[in-house]
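Here is the structure we will look at.
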Amino acid sequence: MPELPEVETIRRALVEPLTGRRILLAELRLPRLLLGFPAADFSAKLKGQKIRAVIRRGKYLVLELDKYALIVHLGMTGQLTAASRDATENPNFHKTVTGLQKPVGVHPVDKHTHLILHLDQGGRLLFRDPRTFGKLVLVPGHKWREHPRLSKLGPEPLEMKIAEVVPTFPKDSIRPVKALLLDQEFLAGVGNIYADEALFLAGIHPRRKVKTLKPAEKTVLLKAVQSVLRKGIKYQGTTFSDYRKPDGGKGGNYERLMVYGRGGMPCRICGTTLHKTVVAQRGTVFCPLCQPLASPRKKPV
DNA sequence: AATTCGCCCTGTCGGC
DNA sequence: TGCCGACAGGGCGAAT
């Protein structure tokens, strides 16, 4: 699922091909993905709009247009592909990629392609989402930060001051700490992959109750969140199924994960078999030795 | 008020 | 070989 590093990778790759381009035609092929705006008006409103900026907030991508903002959430399986004028359709675009190889051409318009923006200079932006958990929102003006979907988002993990966020941990909360990391009102952009990775790096059990965390542990955890997100961006995101960069290539971070997707395999640090369980209704992998739930009791004399 | 649960959706995979 | 249930999970609204 695209989380902050994946969305940021996509954003960076779209800045050059999209900024300054004018939308000639917008094809919305699955109208139910569009929220809060009459689907019938969508194409008419977008036509002629120039893309002014490509911005990320949490897991949301925002295209600032002349008079609107187009907010995109990729859900679990959303893909954005930028195609230049001379890109040819490759029927195997999504299947031929192995490793970090970059596919040739552009993905064809298939049954999972839900939005096509035709741009001046011959380029196209295609939005593809097999499981349709993605969402599109068109907001008049540029006050997209006030939209209900974004207004309550927590701080950006890579811009926050840790000393300012440590006091925002709920003091009496009995929630497992992983649930807090996944809460977009606490931090914006952390999802299941990077929550598990951050907890491992911090040496904190995903089921630890928030109220039992010491201040030093909160600091370590927030630093770990920043660390795993930066690493994710550095390697251009984690591809384990559907995530692709706008050129169709896979991210390079999956092979570098410490715990996510590695249940039953040995811990890269201590060799202990990694546990797979469910925390906060999400599949969760952790190392029982590196991430103890309780501090080790002194052996009775 | 805090927290959990159910739902949306479809490709993939393991079991028989 | 083919069918089928289980599974993956972000975010929202309902339920507790």
Side-chain angles (χ1 to χ4, degrees), chain A residues 1-8 10 29-36 56-62 71-80 91-98 107 110-115 127-137 144 147-154 157 168-199 206-213 229 232 237-244 250-251 254 257 259-264 276-285:
Chain A
M1 63 263 42
E3 305 177 25
L4 189 155
E6 289 73 37
V7 179
E8 178 62 19
I10 291 168
R29 296 158 51 92
L30 188 60
R32 68 175 167 83
L33 296 188
L34 180 65
L35 304 179
R56 181 192 56 76
R57 175 78 172 99
K59 301 175 191 173
Y60 290 88
L61 197 70
V62 181
I71 303 170
V72 181
H73 195 291
L74 298 174
M76 281 185 59
T77 56
Q79 305 164 340
L80 286 170
N92 296 314
F93 188 81
H94 294 285
K95 298 174 182 174
T96 56
V97 189
T98 58
H107 76 66
D110 62 7
K111 65 176 180 176
H112 300 303
T113 307
H114 308 311
L115 175 66
F127 175 50
R128 187 174 180 272
D129 184 6
R131 286 179 216 182
T132 69
F133 273 33
K135 294 287 182 288
L136 300 169
V137 184
W144 51 267
H147 188 277
R149 295 236 168 191
L150 289 91
S151 63
K152 295 169 78 174
L153 290 177
T168 69
F169 281 73
K171 302 262 184 315
D172 302 320
S173 174
I174 62 170
R175 295 172 91 183
V177 62
K178 178 168 178 180
L180 186 65
L181 289 181
L182 294 175
D183 187 340
Q184 302 300 295
E185 294 184 28
F186 176 68
L187 281 182
V190 179
N192 205 36
I193 297 172
Y194 295 96
D196 276 9
E197 294 295 301
L199 287 164
R207 235 187 278 278
R208 270 287 291 283
K209 290 181 172 62
V210 172
K211 69 177 184 180
T212 71
L213 291 173
L229 293 178
T238 301
T239 298
F240 70 97
S241 60
D242 293 277
Y243 164 70
R244 294 292 186 280
K250 295 184 177 183
Y254 183 73
L257 295 181
V259 287
Y260 184 88
R262 301 192 69 246
K276 175 83 185 283
T277 182
V278 175
V279 179
Q281 292 77 241
R282 294 290 175 258
T284 300
V285 182

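The basis for the numbers below is simple: all heavy atoms, side chains too, and nothing from hydrogens, waters or symmetry mates.
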By salt bridge (charged side-chain N to carboxylate O under 4.0 Å, His left out), A:Arg282 pairs with (sequence neighbours left out) none
Below 4.0 angstrom from OP1 or OP2 of C:dG9, is there any side-chain N or O of A:Gln281? no
Qualifying residues under salt bridge (charged side-chain N to carboxylate O under 4.0 Å, His left out), relative to A:Asp129, sequence neighbours excluded: none
Tell me every residue that passes side-chain hydrogen bond (donor to acceptor under 3.5 Å, both in side chains) with A:Arg56, counting only those two or more places apart in sequence or in another chain. A:Glu8, A:Glu156
Residues forming a side-chain hydrogen bond (donor to acceptor under 3.5 Å, both in side chains) with A:Ser241, sequence neighbours excluded: none
Please identify each residue that fulfils ring pair (Phe, Tyr, Trp, His ring centres under 6.0 Å) with A:Tyr254, with sequence neighbours left out. none
Rounding to 10 degrees, work out the angle separating the end axes of the helix from B:dA2-C:dT16 to B:dC16-C:dG2 (five pairs an end). 50°
So, using salt bridge (charged side-chain N to carboxylate O under 4.0 Å, His left out) as the criterion, who are the partners of A:Lys59 when residues are at least two apart? none
Ring pair (Phe, Tyr, Trp, His ring centres under 6.0 Å) involving A:Phe169 - partner list, sequence neighbours excluded: A:Phe186
So, using side-chain contact (heavy atoms from CB on, under 4.5 Å) as the criterion, who are the partners of A:Thr284 when residues are at least two apart? A:Lys178, A:Asp196, A:Pro206, A:Thr277, A:Val279
Within the 4.0 Å limit for protein heavy atoms, which parts of nucleotides 11-16 of chain C are touched? Write it as a string from 5' to 3', B for base, S for sugar-phosphate only, - for none. BS----
Partners passing salt bridge (charged side-chain N to carboxylate O under 4.0 Å, His left out) against A:Arg207 (at least two apart in sequence or in another chain): none
Could you list all N or O pairs between the protein and nucleotides 1-3 of chain B that sit under 3.5 Å apart?
{"unit_1": "B:dT3", "atom_1": "OP1", "unit_2": "A:Ser173", "atom_2": "OG", "d": "2.9"}
{"unit_1": "B:dT3", "atom_1": "OP1", "unit_2": "A:Ile174", "atom_2": "N", "d": "3.2"}

